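Given the structure is predicted, the values throughout are model-derived calculations rather than measurements.
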Amino acid sequence: MPPKQGGQDQDKKPSQRRRRGGKKHPKPDRAASPPPAAPAPAPKEKAPPCARGGRTNPPKKTDPALEEDSDVLLAFGALLKTGDAAACAAHARYEAHEDQARFIEDARRLLAMSAGGRAAPRAPPPGMAPPPPPGMPGSPRRAAAPAAPHPRSTSPRRPPGLPPGLAPPPPSVDHFPPGLAALALEVHSEAAPPPGLRPTATDDQDVAAALSALIGGPAPEPAKPKFKWVPPRVHKRRGGRVAFSAPDNTKGPLRPRARLDVSWELKVDAEGAVGTRRDVSVGLFRVGAPTNDAAIVAKQGRGAVEEVGLARGTVAFFAPRAAGAFVFRLLDPEPPGRQQISKMERPKASSNVYATSDKLDVIVRTHDDLLDSLKASLQQLEEPGRSRLGALQQLAVVAETLPASLAPKRQTHIGGRAGSTAEKRCRDKLRACLARCLDELAKHVPGPLTLATRRRADELPFHEDETETDVLKRERAWSVLSEEDEQSARDAFEVERVTKIKKQRNEDRRARDVHAACRRLCAAFNGNSASRQWLESAAPEQARRLDDVSTRWDALLEEFWPGGADGVAALRRHYDRADSFFRPTHQPSAQQHGFAWRALDDACARVLPQLFPGDAFFKRREEVRRRVEACLNNADVLGNGQRLVLRVFGSSANLFGAEGADLDMCVVPAEKTDKDLTSPEVCRRMGEALEQAGAKNVQVRDTARVPIVLFEDPATGLDCDVSTHNPLALRNTELLRAYAKVDGRVRGMAYVIKKWAKIRGINSPSDGTLSSYGYILCVLAFLQTVPQPPILPSLQRLDLDWPNPKDPNREPPARMPHPFDPSRDVCLAFHDPDKLGSLKDLREIAGRNRQSLGELLALFFRHYAWDVDYRNLVVAPRTACVLPKANKAELDCWPQNPHLAIEDPFETHYNVAHVLKYDKHQKIRKEFMRASKLVDDAAAQRIDPDLALDYICEPLPQEE
Ligand code: ATP
Ligand code: MG
């Protein structure tokens with residue numbers, strides 16, 4: 001593209017531009033001083049801005065009224081071509097004033113007149129333009145336009161799909177009146193070609209398309225569907241059962257390559273005759289595999305309809321040859337012939353999973369098993385295109401589960417090592433595997449460029465590696481291009497930049513995943529003494545490097561990050577969180593901690609009496625409840641005179657409520673009714689009734705999962721909410737209340753944690769952080785699992801007749817349909833010690849733990865700051881033990897991300913912390929770490945231990 005002859009103007013341009021970003025900027029100088037060689041183009045500033053196809057000026061939406069007008073314009077264009085003087089005059093008037101409405105009105109009128117039998121106007125001689133009306137300065141200039149090509153038409157934007165270097169042909173304008181031709185050309189070259197403006201289109205179509213584009217703006221580009229990440233779901237439909245068993249009828253753990261029989265059942269149409277064939281596909285997957293495409297083995301499961309509506313079959317399998325956790329999934333059968341297609345070309349597998357089996361654990365027991373497993377991992381680490389992450393996880397499972405019998409034999413007195421050939425070969429393979437793992441880790445150290453990807457693409461001013469001078473140079477180079485070419489250059493630059501950022505993001509994520517897998521591997525070798533011995537005897541060099549990785553973060557950096565101290569700082573920034581690597585290596589001593597914990601305990605004893613509510617709390621809330629209940633009944637919100645009862649749940653009833661907490665209520669019909677209480681109608685009527693009764697700030701959320709009305713009670717100023725139908729909330733309130741009664745430390749901890757969370761700004765579900773309910777579940781799970789002996793049992797797992805079991809063969813507690821989701825069921829049973837008379841026993845057991853509230857608080861913060869493996873575990877007070885996230889991913893489609901996840905005690909498929917996005921999860925985890933650090937600081941006397949709780953609950957600084 002030759003540079004434009006802009007004279008000294010060129011030198012000024014870069015300084016007149018915005019230096020950063022690819023945004024389009026005004027260029028008044030272009031219009032003011034057109035290049036002398038080219039004939040005057042149609043003045044650019046006259047074209048409506050929407051006709052210009054700039055990235056930063058999105059096309060306006062076409063007015064539907066004007067769309068019809070395009071028909072008028074089509075006809076008008078034809079009339080204009082005949083040389084009709086009146087039409088020419090109207091067109092010239094439009095050019096001068098750009099009054100579109102008037103232009104179209106004129107066009108309509110003229111067309112009506114010509115259709116009404118007016119004599120056809122005489123065509124002007126070829127090549128002669130109709131005379132412009134006097135005083136129309138634009139006309140002569142435009143008349144010259146067809147003779148010399150429009151300057152911009154020499155570099156029209158290439159429509160997508162055209163090969164590079166091939167410009168789209170301009171529309172045919174030979175027979176057009178000159179002004180209209182110029183406009184058509186301008187629109188053609190300026191805007192992205194509207195759908196009608198194809199190079200092969202007829203003249204009339206060109207005119208119509210150009211005109212409608214001119215008036216209505218270019219046809220709006222179809223809105224790109226906004227990409228929304230949906231967690232991969234493997235279950236769409238259920239209705240089957242799949243189970244496996246080894247020949248000795250055990251369910252595992254099994255050895256690699258063990259023979260298995262997989263039996264399956266599937267509900268089928270009742271019309272299917274008994275005896276007819278029904279096939280399925282049975283796939284063996286690693287637990288949590290996000291899609292059904294990555295089956296380790298998939299087999300066609302031949303079966304038959306054995307009874308009306310039910311098909312059955314069995315398939316023989318072998319367990320995988322590497323250790324790990326696996327499941328079988330029952331899928332639709334693969335279409336015939338599909339197995340012959342190569343894996344890359346196959347269409348995506350069906351997402352219908354009719355059933356998933358229990359977990360199949362494969363562990364190594366002999367050196368031969370171990371050798372097999374290591375060979376499989378090494379193959380996966382070495383083969384191009386295979387997932388390294390899978391291999392790392394596989395090795396970690398081996399290290400976690402290696403039996404003591406495989407620990408290396410002691411050195412013999414002559415100095416050699418005893419052991420079978422298989423054992424020796426295992427050692428070699430282990431060395432090779434670990435060397436590969438460490439290489440992988442080294443490869444995935446996030447580089448400085450990747451750090452930039454933390455920022456959003458549009459915040460990045462220019463390429464990270466581009467200096468300010470480079471930017472100026474680039475801007476200057478662009479400034480000599482025509483406007484279209486410059487825009488294309490900017491667009492291309494933007495595309496390249498975004499692509500680069502996306503690539504960096506992927507690398508970033510991958511680096512994190514590989515680091516996490518290596519951490520798991522380190523933890524596995526350190527957590528199993530057999531593996532540890534084996535590692536030290538077989539691969540001492542790798543053991544040292546792995547030790548560095550697992551114990552000292554800075555050592556990891558020294559080894560893998562050549563940038564030294566800068567590298568350390570960069571990697572810290574990159575992770576932006578202190579994970580187990582950042583754990584302080586010099587912990588205060590137990591004695592120092594004891595001192596800090598006592599101080600914390602004293603502080604709690606001072607604070608708690610102010611937090612616990614008095615009798616007035618319950619009285620006042622009961623009054624409000626009665627008043628609201630009467631108001632809703634008077635307004636007959638359920639219709640037909642049906643009465644309702646309001647029941648209180650949440651902190652006003654679960655013994656965790658503090659002054660100022662909101663009052664959560666829910667409607668329960670006084671008598672049995674068929675009415676759908678969850679209907680938005682009921683919710684709206686409640687809102688209206690409350691508003692009429694004088695409630696303030698009434699908000700009706702009738703489309704929420706549980707429809708709810710929020711309002712402020714005018715008499716007491718209490719924030720209240722009434723939900724229409726919420727039996728599970730009533731039940732979980734009873735459960736929390738039961739836990740609160742078991743031990744005084746439960747309430748004490750919950751009050752302090754709720755206060756801390758509120759003050760530190762991490763207790764607001766509407767802002768994407770955790771609800772009070774979520775924090776209380778975290779407290780319960782902690783008290784069930786961390787203190788030794790545990791302070792709380794799982795009341796949902798404790799038998800109803802505990803501690804005097806009567807019938808060891810009792811039926812499991814009944815399940816009932818989920819109140820909102822008929823496809824699921826829930827079990828609402830739990831051991832309520834108050835009602836069942838076991839409170840004394842439970843208190844006695846809890847009392848065996850003598851840890852003070854201060855110590856428990858300190859451990860709570862440390863636990864959630866450092867010890868919880870958020871990526872792999874779920875907080876689950878239902879089970880009172882750790883619950884793998886892989887299980888929830890497999891069975892309830894939970895995403896396997898590193899966010900805090902909390903299983904609801906009754907709705908086990910529901911993640912109470914699902915609102916947390918990664919940044920909010922980090923925010924909460926940072927607060928846990930801050931609190932834990934403050935306790936350590938108090939122990940090391942870096943802060944006054946008596947003030948530790950005050951520091952922990954220090955209000956956030958006010959935002960400017
Ligand atoms: P606060 O004193 O802050 O009001 P609270 O104990 O009332 O605390 P909330 O978070 O208001 O706790 O929750 C009240 C009830 O709402 C809980 O008992 C629970 O049934 C329900 N709830 C709250 N958050 C969730 C959630 N994330 N998922 C499911 N149910 C929730
Ligand atoms: Mg509440």
Side-chain angles (χ1 to χ4, degrees), residues 1-35 37-38 41-42 44-45 47 49-59 149-170 185-193 218 221 224 449 452-453 455-504:
M1 181 76 216
K4 251 187 170 183
Q5 303 163 8
Q8 309 109 326
D9 253 12
Q10 288 175 23
D11 297 322
K12 285 185 201 155
K13 276 170 196 164
S15 58
Q16 287 168 352
R17 289 156 195 259
R18 285 162 52 110
R19 278 196 194 142
R20 297 175 165 186
K23 289 196 177 174
K24 195 160 171 159
H25 45 82
K27 293 187 176 181
D29 50 334
R30 281 181 198 257
S33 56
K44 187 172 162 23
E45 65 272 22
C50 53
R52 306 189 196 290
R55 271 164 48 81
T56 47
N57 289 340
H150 190 281
R152 287 186 199 129
S153 65
T154 56
S155 59
R157 177 169 307 178
R158 197 182 311 124
L162 271 179
L166 189 64
L185 280 171
E186 179 169 355
V187 170
H188 171 75
S189 61
E190 280 281 336
E221 283 175 20
K224 266 193 193 162
L449 261 182
T453 66
R455 283 185 271 163
R456 286 204 341 266
D458 51 297
E459 283 172 14
L460 278 179
F462 39 78
H463 273 197
E464 273 297 297
D465 44 2
E466 212 178 17
T467 62
E468 193 86 359
T469 330
D470 289 340
V471 178
L472 274 177
K473 240 193 239 166
R474 178 160 50 76
E475 288 278 341
R476 203 180 168 126
W478 285 347
S479 71
V480 296
L481 301 180
S482 73
E483 190 156 346
E484 287 71 35
D485 286 349
E486 181 193 328
Q487 193 54 52
S488 307
R490 281 187 186 282
D491 290 350
F493 182 76
E494 191 63 17
V495 167
E496 191 193 318
R497 197 171 65 108
V498 169
T499 314
K500 193 168 174 185
I501 288 168
K502 279 188 182 159
K503 193 168 158 247
Q504 286 168 1

By side-chain contact (heavy atoms from CB on, under 4.5 Å) - contacts of Ala492 (at least two apart):
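Partners of Ala492 under the side-chain contact (heavy atoms from CB on, under 4.5 Å) test: none.
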Could you grab the distance from atom CZ of Arg474 to atom OG of Ser479, nearest 0.5 Å is fine?
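If I round to the nearest 0.5 Å, the distance is 12.0 Å.
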Quick test of your reading of the model: are Arg490 and Glu494 salt-bridged, counting only N-O distances below 4.0 Å?
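No salt bridge links Arg490 with Glu494.
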